[in-house]
There are 2 protein chains.
Amino acid sequence: MVTMKEIAHQAGVSVSTVSLVLNNRDEGRVRGAVARHVRDIAAQLGYKSNPLASSLRTGRTHMLGFISEDVATTPYAGGIILGAQRAARRFGYMLIVVSTDGEESETAEIAALKRYGADGFLYAKMSNRITHAPSALTGMPLVLVDATDADGKIPSVESDEFRIGYDATKRLIDAGCERIAYVGCSEPLIAQAERLRGYQAALGDDGRKFDRRLTIDVLNNDPALAAVDRLFNMERPDGFFCFNDARAWYVYECAARRGLTVGRDISVVGVDNHRVFAETLAPTLTTVELPHFEMGYWAVTKLVSMLEDRPLDNIDWPRTTAPMPRLDSPTPAKIHCTLVEKHSVRQ
Amino acid sequence: MVTMKEIAHQAGVSVSTVSLVLNNRDEGRVRGAVARHVRDIAAQLGYKSNPLASSLRTGRTHMLGFISEDVATTPYAGGIILGAQRAARRFGYMLIVVSTDGEESETAEIAALKRYGADGFLYAKMSNRITHAPSALTGMPLVLVDATDADGKIPSVESDEFRIGYDATKRLIDAGCERIAYVGCSEPLIAQAERLRGYQAALGDDGRKFDRRLTIDVLNNDPALAAVDRLFNMERPDGFFCFNDARAWYVYECAARRGLTVGRDISVVGVDNHRVFAETLAPTLTTVELPHFEMGYWAVTKLVSMLEDRPLDNIDWPRTTAPMPRLDSPTPAKIHCTLVEKHSVRQ
DNA sequence: TTGTACGCGTTATCAA
DNA sequence: TTGATAACGCGTACAA
């Protein structure tokens, strides 16, 4: 690794001058010609700053700790991490992801991150919940991801679940569905409440009345199949908005048993949680994608703005990485194509 | 953060003495009483070494770079990462995960890891392939994860795909299946070839003849469903070994259309790639779990042994984190319960 | 047995 | 406009 000392030697100046120039603090302090010369030599030698050494002096490592439980078991964690990493790289930071497993390992991992001098932290849940941040993080620069601070003090990035529910339902309405069911989640998640609100709002805006019998809340297990089966029998829905793609499978199973074909006889929209369903059930399942990448990206952006005390205004929003909507599959009245949508995040 | 200097001050000795003691280099160099005193003070003050500062001196950061493409899109990446992180923590290392997206970002991330002084690298694929490690990593301490070095020079950790195929098929034989089909993968993966070998070997060991017509290779897309449908019509299999759980879905769909129930009329075993299927299709789908956690753990262990030049012999194998086999579901002749198995890794 | 002195790469201060 | 010099926290050769 080439050091400032070598550059100074080559350029015939002192290390301090090199430091000033390479940190762009040379305006009015170093003669232009000298600065240019130093920069040339640095480029020529392929100089890269040693962030660890400078951290010794500045107290900033440019490392960000990303802490989350269940990174191992939730497939969509990767999207958040990728977004966070992109933003980190963009602002010259290194993202350090640690997955925790219970409070003990959480404490241990946070301690390790602190020893390595992380400048700030991201604390991510894998679905929006009211959250108490670990006490070890109080007082540190911190942003929550897909989580809501219990005390409302910590900035967080969350997805707009209401809009997800609204758009999904609207899509079914536009497809001509008459009886639209909601296959929800029986866990007390913010997403559940908000998506249901969105579902109701979309129905209301279309002049329809909300019918409680068309909604069921299930877990992702065996009884879910029976519940969906009952829903088929009792209510004969022709459109299904599913809390996630895994739950959509139950609809597929029940439909197949009745000789119904999704995309022709009934329509299904599911929130894409696992990606593989979108692939497997394509092109008949319409999926609404959660803004995982964006949440990660935006959270890091927010954290950096806190660390560096600069506003976010002039930061341009990242381009979406999701594929564009695909509308090229056969489209009779009620056939849904595979369609991926992004939703905005609110700060 | 409490430093050696403060400890030296409190203990009334010099910093070098503190350094000697806390690095366990005090045998025959520091008086026992003094050493004990220093240790006491350090413990009392809660001293933690600053790994970045010591790296400046020693050239070792105790940071390991974990590089992988598609961390974002493959759900099982988390298992590997978790195992790797556990091992890293155990040996006093910090794992830095970076997900790459094409060669350009790969190069950029590797460069960043080098600037931060990573001591060694893990290069992971999300399914075993013949792999050329990035040229930027040649000469660095490196271990491949779920990948095979094209030149056979770089150590790697891979799962035993043959055994997976063998065991999955054996399970179907034991369940009394007469006509066992293999729904494979049409991509040229090592797993595909090896699992097929295992399938054939298990059939052979049971005195059966391999019948090519009972095997199909498909992708995870629409034509797959048609292919499985044909398989049902032509061969009437009563047992299905599926390359992964996503492919198993096609079998479920075809079965449902025919009024067949998995676990009663037919049996299905799938390799667990996405976890959510195991949950959704339980308890009728039998899944064979890949040793993701172990591969990560073992790879880091190997890497550390290379870095520290010590043998692996006295390292005890990590306890599995997988749930124990569940055999408590109803078990008539052909019903498969949800069963999670670990497979050994070979170095 | 202990302490002094130096170096790792960088940045900040201050004097020239 | 520039360059010594000290300092960050730690490790180690060498002197005491």
Side-chain angles (χ1 to χ4, degrees), chain A residues 1-39 41-42 45-63 92 94 112 114-119 308, chain B residues 1-39 41-42 45-63 92 94 112 114-119 308:
Chain A
M1 285 289 94
V2 38
T3 69
M4 281 191 176
K5 195 199 261 182
E6 299 176 43
I7 296 173
H9 185 74
Q10 287 262 339
V13 297
S14 77
V15 179
S16 333
T17 304
V18 175
S19 175
L20 280 177
V21 171
L22 296 185
N23 288 312
N24 296 315
R25 304 197 164 286
D26 56 320
E27 268 183 279
R29 311 196 55 190
V30 177
R31 196 146 36 91
V34 175
R36 227 168 306 121
H37 188 210
V38 168
R39 270 185 253 270
I41 305 248
L45 264 49
Y47 171 80
K48 299 288 178 192
S49 81
N50 179 335
L52 269 37
S54 63
S55 83
L56 201 56
R57 191 62 237 220
T58 61
R60 325 218 81 177
T61 56
H62 278 218
M63 300 197 297
M94 182 69 134
K114 281 186 174 174
R115 295 208 296 144
Y116 275 86
D119 291 339
E308 304 190 348
Chain B
M1 285 289 92
V2 37
T3 68
M4 283 192 177
K5 193 198 262 183
E6 297 176 45
I7 296 174
H9 185 73
Q10 287 261 339
V13 296
S14 78
V15 179
S16 21
T17 304
V18 175
S19 175
L20 281 177
V21 171
L22 296 184
N23 288 314
N24 297 314
R25 304 200 164 284
D26 56 321
E27 268 182 277
R29 312 197 54 190
V30 178
R31 196 146 35 93
V34 176
R36 226 169 305 121
H37 188 212
V38 168
R39 269 184 254 269
I41 306 247
L45 263 50
Y47 171 80
K48 299 286 179 192
S49 81
N50 179 334
L52 268 38
S54 62
S55 82
L56 206 53
R57 196 55 242 213
T58 62
R60 326 218 79 177
T61 55
H62 278 219
M63 301 197 297
M94 184 70 135
K114 281 187 174 174
R115 294 206 297 144
Y116 274 87
D119 292 338
E308 304 189 348

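Within every chain, numbering begins at 1; the chains are lettered A, B, ... in the order of the sequence lines, protein sequences first and strands thereafter.
A heavy-atom distance below 4.5 Å is not found between the side chains of A/Thr3 and A/Asn50. In this structure, the side chains of A/Gln10 and A/Val2 stay at 4.5 Å or more apart for every pair of heavy atoms.
Between the P atom of D/dG11 and the CG atom of A/Leu52 lies a distance of 14 Å, rounded to the nearest Å. Rounded to whole angstrom, the span from the CG atom of B/Leu22 across to the P atom of D/dG11 amounts to 8 Å. Rounded to a whole Å, the CZ atom of B/Arg57 is 16 Å from the P atom of C/dA5. Put simply, CG on A/Leu20 is 13 Å from C1' on D/dA4, counting in whole angstrom units. Between the NZ atom of A/Lys48 and the P atom of C/dG9 there is a distance of 17 Å, rounded to whole Å. Spacing between atom CZ of A/Arg29 and atom C1' of C/dT11 amounts to 11 Å, rounded to whole angstrom units. At whole-Å resolution of the value, CZ in A/Arg115 and C1' in D/dC10 are 14 Å apart. If you take CG of B/Asp26 and P of C/dT2, they are 10 Å apart, rounded to a whole angstrom.
Summary of the strand contacts: A/Val15 and B/Thr17 both lie near DNA chain C, and taking for each the nucleotide with the nearest heavy atom, the more 5' one is attributed to B/Thr17. Nearest-nucleotide mapping onto DNA chain C: of B/Ser14 and B/Leu56, the residue sitting toward the 5' end is B/Ser14. With the nearest nucleotide of DNA chain D identified for both B/Met4 and A/Ala35, A/Ala35 has the one nearer the 5' end.
One side chain, B/Ser14 or B/Thr17, offers a donor N or O that lies under 3.5 Å from an acceptor on the other.
At a threshold of 4.0 angstrom between heavy atoms, the contacts of A/Ser19 include nucleobase atoms, whether or not backbone atoms are also involved. Contacts of A/Ser16 with the nucleic acid, taken as non-hydrogen atoms under 4.0 Å apart, include base atoms. Using a 4.0 Å heavy-atom distance criterion, A/Ser54 is classed as a sugar-phosphate-only contact. B/Ser55 comes within contact range of no nucleotide atom at all, as no heavy-atom separation falls under 4.0 Å.
The listed nucleotides are D/dC10, C/dA12, C/dG9; the one nearest the side chain of A/Arg25 is C/dA12.
Phosphate proximity of C/dT2 to B/Arg31: present, with a side-chain N or O under 4.0 Å from OP1 or OP2. Contact annotation: A/Lys5 does not reach the phosphate of C/dT10 (side-chain N/O to OP1 or OP2, under 4.0 Å). Taking only side-chain nitrogens and oxygens, B/Tyr116 never comes nearer than 4.0 Å to OP1 or OP2 of C/dG9. Between D/dC10 and B/Asn23, no contact under 4.0 Å exists linking OP1 or OP2 to a side-chain N or O.
The structure places CZ of A/Arg31 at 11.5 Å from NE2 of A/His37, a figure rounded to the nearest 0.5 Å.
The residue from B/Leu56, B/Leu52, B/Asp119 that alone fulfils the side-chain contact (heavy atoms from CB on, under 4.5 Å) condition with B/Thr61 is B/Asp119.
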